[in-house]
Novice: 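Please read through the structure below; I'll follow up with questions.
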Amino acid sequence: MTLKIYNTLNNKKEEFIPIKDGEVKMYVCGPTVYDLSHIGHARSAVSFDVVFRHLKRLGYKVTYTRNYTDVDDKIINRANKEGVQSIEIANRFILAFDKDMADLGVELPTHRPRATETIEEMIALIEKLTDKGFAYSAGGDVFFRVRAFKEYGKLSGKNIDDLESGARVEVDGKKEDPLDFALWKSSKPGEPAWDSPFGSGRPGWHIECSAMCLQLLGESFDIHGGGKDLIFPHHENEIAQSEAATGKPFARYWLHNGFVNIEKEKMSKSLGNILNIRDALKDYSPECIRLFLLSSHYRSPIEYGPGTLKEAEAKAERFYRTIERIKKEVPSAFTTAPDKELLRDATAAITAALNNDFNTAEVIGLVFKKIAEANRILDSNKADAKKDLTIILGFFKEAGAVLGLFQKEPEDYFKLLKGRVSLSEEEIERLIQERNTAREEKNFKRADEVRDELKEKGIILEDTPEGTKWTVS
RNA sequence: GGCGGCGUACCCAAGUGGUUAAGGGAGCAGUCUGCAAAACUGUCAUUCAGCGGUUCGAAUCCGCUCGCCGCCUCCA
């Protein structure tokens with residue numbers, strides 16, 4: 001059973017073979033920190049978080065680097081607007097991003113470089129490109145000579161001549177060719193600037209990632225990821241710069257996650273239909289959002305909306321309800337070790353699904369198959385229920401660990417939901433008491449009124465042998 | 001115009017050559033309940049946008065048609 005990965009370089013699913021046996025080096029483009037991160041960033045981070053976790057689970061020693069682009073026009077613009085230094089903006093949104101990632105249960109990558117920590121490497125890289133004839137200075141800027149790199153377009157499948165004819169040009173008289181892109185930009189007064197052999201200035205966007213990859217992962221590494229929108233020009237340019245400079249293949253596997261759409265349209269800053277992670281978290285739990293993101297394959301587009309998110313919430317609830325039930329009816333299943341061999345057989349399906357280009361949706365499907373199975377076992381009062389349940393719980397533990405889901409105690413999950421209700425717990429308890437009194441008096445009309453009132457506020461009552469419980473709809 | 005992707009039930013969504021097309025949501029029927037809720041059981045696509053082709057065999061491969069989307073400009 002080998003890992004297969006869809007590689008944008010060939011548009012094919014390929015067997016994954018790392019450069020160095022047992023080790024994986026991967027790089028994922030992180031955010032440009034000029035604003036709060038949105039659900040699209042969350043999708044990328046969560047998708048590659050699962051890639052990271054699965055690779056580790058397979059036994060690889062993984063070095064995962066995700067950068068922060070902390071020098072950029074947009075950061076400068078925002079800084080100017082607020083009358084503060086760029087670095088202040090960058091710092092603020094790096095903190096915000098880190099918090100959002102933590103909320104979403106995204107593991108910390110091995111390295112989280114900031115672009116500005118690698119300026120020296122960028123300058124060295126640009127010099128190298130200039131020496132080799134791949135770059136040229138022009139009026140304080142330095143550009144990459146796209147036509148000098150013969151393989152330009154190999155990632156995005158574009159043809160240089162087609163690009164040129166269809167170019168919605170950004171006219172820059174300093175360029176030899178409209179396709180050439182900036183490696184180094186001269187700075188205007190007040191902008192962040194570094195001294196360099198080409199004059200005082202700052203790096204272009206693409207060169208940052210190349211420099212950070214080269215510094216932290218080496219000239220050639222295994223996996224490079226990012227959103228689909230980065231394929232061109234960003235990743236194409238990274239390849240061009242890096243391979244032109246080193247003469248060696250850059251990343252071997254290029255993975256790209258699909259977009260998050262809102263009302264069928266791509267969510268993006270330029271369209272202005274963005275939803276930031278924090279606002280999403282006001283409506284849905286982090287687990288619900290993560291479950292939503294992982295319920296489809298990472299390359300497919302997904303639709304963010306009340307329908308899909310409510311479904312994710314229903315799934316999470318179904319999961320924790322069953323765990324709660326096992327906890328109540330067969331608590332010893334949690335403290336008994338599962339049979340190793342049986343567990344291994346059961347969890348092989350998780351590996352198989354994730355080995356198929358990280359098919360998280362299938363894993364989630366498997367989880368719910370087990371949920372139904374667990375409920376059936378509980379209903380049946382089978383003699384060996386405990387043994388079967390330990391396997392199922394073991395399965396959940398494995399699936400949950402690699403997906404970053406299903407790891408809470410059910411009480412904590414439901415407590416989280418209950419926190420969203422407008423009534424106080426005391427008030428709810430009082431109403432439940434009132435209803436139960438009515439029920440004892442066979443005053444079912446009043447009892448049902450109370451239940452309906454609560455339902456309107458999103459509170460669902462359940463009468464169980466242990467008394468009346470409430471949950472949130 | 002160039003390049004890439006998608007179209008699976010009421011909705012979301014796996015499946016990418018081979019037994020009865022995962023899973024979730026919604027619906028319907030039953031068990032349970034004062035009635036509900038939750039849970040369980042049963043039911044819910046002879047069919048995978050359409051039309052051809054390859055094959056013993058296709059949702060899965062190939063071609064065409066229709067529809068949708070993305071990239072080609074900063075963007076996860």
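Just so it is clear, the model here is predicted, and its values are computed rather than measured.
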Novice: Is the closest side-chain donor-acceptor distance between A:K315 and A:S295 under 3.5 Å?
Specialist: yes
Novice: With 3.5 Å as the limit, what N/O pairs link the protein to nucleotides 15-20 of chain B?
Specialist:
residue, atom, partner, partner atom, Å
B:G15, OP1, A:N359, ND2, 2.6

Novice: Write down the distance between CG (A:D379) and P (B:G42), rounded to a whole number of angstrom.
Specialist: 12 Å
Novice: Ignoring the backbone of A:D463, work out which of B:C72, B:A36, B:A76 is nearest its side chain.
Specialist: B:A36
Novice: Does A:H41 use its side chain to pair, donor to acceptor, with the backbone of A:H38 at less than 3.5 Å?
Specialist: yes
Novice: Of the candidate nucleotides B:G5, B:A39, B:A76, which contains the atom at the shortest distance from the side chain of A:Y6?
Specialist: B:G5
Novice: Over all strands shown, is A:S300 touching base, sugar-phosphate only, or nothing at heavy-atom distances under 4.0 angstrom?
Specialist: sugar-phosphate
Novice: Check nucleotides 23-27 of chain B for protein N or O atoms closer than 3.5 Å to its own N or O atoms and list the pairs.
Specialist:
residue, atom, partner, partner atom, Å
B:G24, OP1, A:R318, NH2, 3.4
B:G24, N2, A:E311, OE1, 2.9
B:G24, N2, A:E311, OE2, 2.7

Novice: Looking at residues at least two apart in the chain, or sitting in another chain, which of them share a ring pair (Phe, Tyr, Trp, His ring centres under 6.0 Å) with A:H206?
Specialist: A:F181, A:H234
Novice: Give a yes/no answer on whether the side chain of A:N375 brings an N or O atom under 4.0 Å of OP1 or OP2 in B:C40.
Specialist: yes
Novice: Tell me which nucleotide among B:G2, B:C71, B:A37 gets nearest to the side chain of A:F259.
Specialist: B:C71
Novice: If you check every side-chain atom of A:S296, which of B:C40, B:C72, B:A14 has the closest atom?
Specialist: B:A14
